[in-house]
Amino acid sequence: MEKLNTIVVGAGVVGMAIAAKLSENQDVLLIEQNAQFGEHSSSRNSEVIHAGLYYPTHSLKAQLCVRGKALLYQHCDKYHVPYHKVGKILTAKTTREADVLSQIKRQAQLNGVTDLKHVSGSHIQHYAPEVQATEALWSPSTGIIDSHQFMLSLLAQLEQNQGQYVANTQFLSAQKTPDGYIVELNCDGEPFQLHCQNLINAGGLFAQKNAQMIEGMDDAFIPELHYCRGQYFSYQGKHPFTHLVYPVPEQHGLGIHATIDLAGQLRFGPDTHFISSLDYQINEHEKSKFVHAIKQYWPALDETKLHSAYAGIRAKTTRSGTQDFTIQTYETHGCQGLINLFGIESPGLTASLAIAEHVHSSTL
Ligand SMILES: Cc1cc2nc3c(=O)[nH]c(=O)nc-3n(C[C@H](O)[C@H](O)[C@H](O)COP(=O)(O)OP(=O)(O)OC[C@H]3O[C@@H](n4cnc5c(N)ncnc54)[C@H](O)[C@@H]3O)c2cc1C
């Protein structure tokens, strides 16, 4: 049986970043059940490089988003991944929302984000013409990225380090051995076994299911999984925005915000909708909700130019309150060589390189 140092399950942006990093000093196999990498959350998001404003002090999200943002900008420069530090304007319309902005500014400072600028009502038009708000925060370090090119660059890095990537290969189960795991795979319909010392479960929306199939992994450590769908509408036509425009965040997401992609196309979303199964169906009937939310900050919206686009699904571990990333090592679950990543929702794209660094230090 072939023996490897590490198998990484799941070629989303997080598994790919981990595989690329680990391949610097060990032999790594990255497996993906689909024909293509990144078909789930990693290609169904806002492609925003988040600054790290909102997350509670010392949370993994706060630490890994701020560190990940810095690593990501460096990586994009080094590997010629298209990005644009467009900046974002976070708007408030009421005194309650203005208080939320003040809290966000304080939290951002605690998280090490010190470049936020308060914008008074009369100056908002300078950042976002046609946007109506009483005050705002300007975040200059927020950006947008071509996530597909980013994933391609990670794959190139992995292959340059002699790491391997195979698609159409599903992780089925793992049995414990004295020095690692015998991993059962389904390779394009054929059963296959490999031995690895380290097993990294970066399965995104399937991470809980994968964990259940690992011998020795106590179910008590596997968090709940709740699918929370976020839908987007694209805006087909001219628009006045050159920066991202956000309302104040809501309970399960960042609110229906306006993002532009690298081609300048405007889109709105994602909304939040808990669903019972993995279903990326988009719903044109949600349009009136979007129109209402967008008109709160952009009353001049021409709704005939708004068309449903795509949806992504957040891997929530709870339906109430804030959640953090869960990265479990031996210290949590007692399984030597196993690392599970659960609940890697936003800002997982931004944080991916820092998550990889974190996992790397846990496997040394
Ligand atoms: C609507 C939405 C908007 C978002 N916006 C942003 C944003 O603007 N900025 C940001 O930083 N983050 C954002 N995020 C978060 C970001 O997209 C995710 O954190 C990130 O993509 C998670 O990557 P992942 O690799 O963990 O998961 P995924 O991309 O879901 O990848 C997991 C992979 O594992 C594979 N897999 C699972 N089980 C197996 C198995 N048994 N065998 C083989 N393969 C397996 C799956 O097929 C999948 O390809 C957003 C997320 C959503 C849903």
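Just follow the structure's listing: the first ligand is 1, and inside any ligand the first atom is 1.
Donor-acceptor pairing under 3.5 Å is lacking for the side chains of E184 and S173. Using a 3.5 Å distance cut-off with no hydrogens or angles, the side chains of E135 and H118 do pair a donor with an acceptor. With hydrogens and angles left out, the side-chain atoms of Q323 and T318 include no donor and acceptor closer than 3.5 Å. Side-chain N/O atoms of Y54 and N111 include no donor and acceptor closer than 3.5 Å.
Set against the non-hydrogen atoms of A202, the atoms of ligand 1 under 4.0 Å away are 32 (C), 34 (O). Counting the atoms of ligand 1 from 1 in the order shown, those under 4.0 Å from a heavy atom of V13 are 20 (C), 21 (O), 23 (O), 25 (O). With ligand atoms numbered from 1 in the order given, ligand 1 contributes 8 (O) to contacts under 4.0 Å with heavy atoms of E47. Annotation for ligand 1: atoms under 4.0 Å from non-hydrogen atoms of L349 are 10 (C), 11 (O), 12 (N), 16 (C), 19 (O). Of all the atoms in ligand 1, the ones that sit under 4.0 Å from a non-hydrogen atom of Q170 are 41 (N), 42 (N), 43 (C).
Under a 4.0 angstrom heavy-atom cut-off, T259 registers as lying outside contact with ligand 1. Distances shorter than 4.0 angstrom occur between a heavy atom of Y232 and an atom of ligand 1.
The side chain to side chain donor-acceptor pair (under 3.5 Å) test with K316 is passed by exactly one of E345, H226, E224: E345.
Contact annotation: for N210 versus ligand 1, heavy atoms closer than 4.0 Å belong to the side chain alone.
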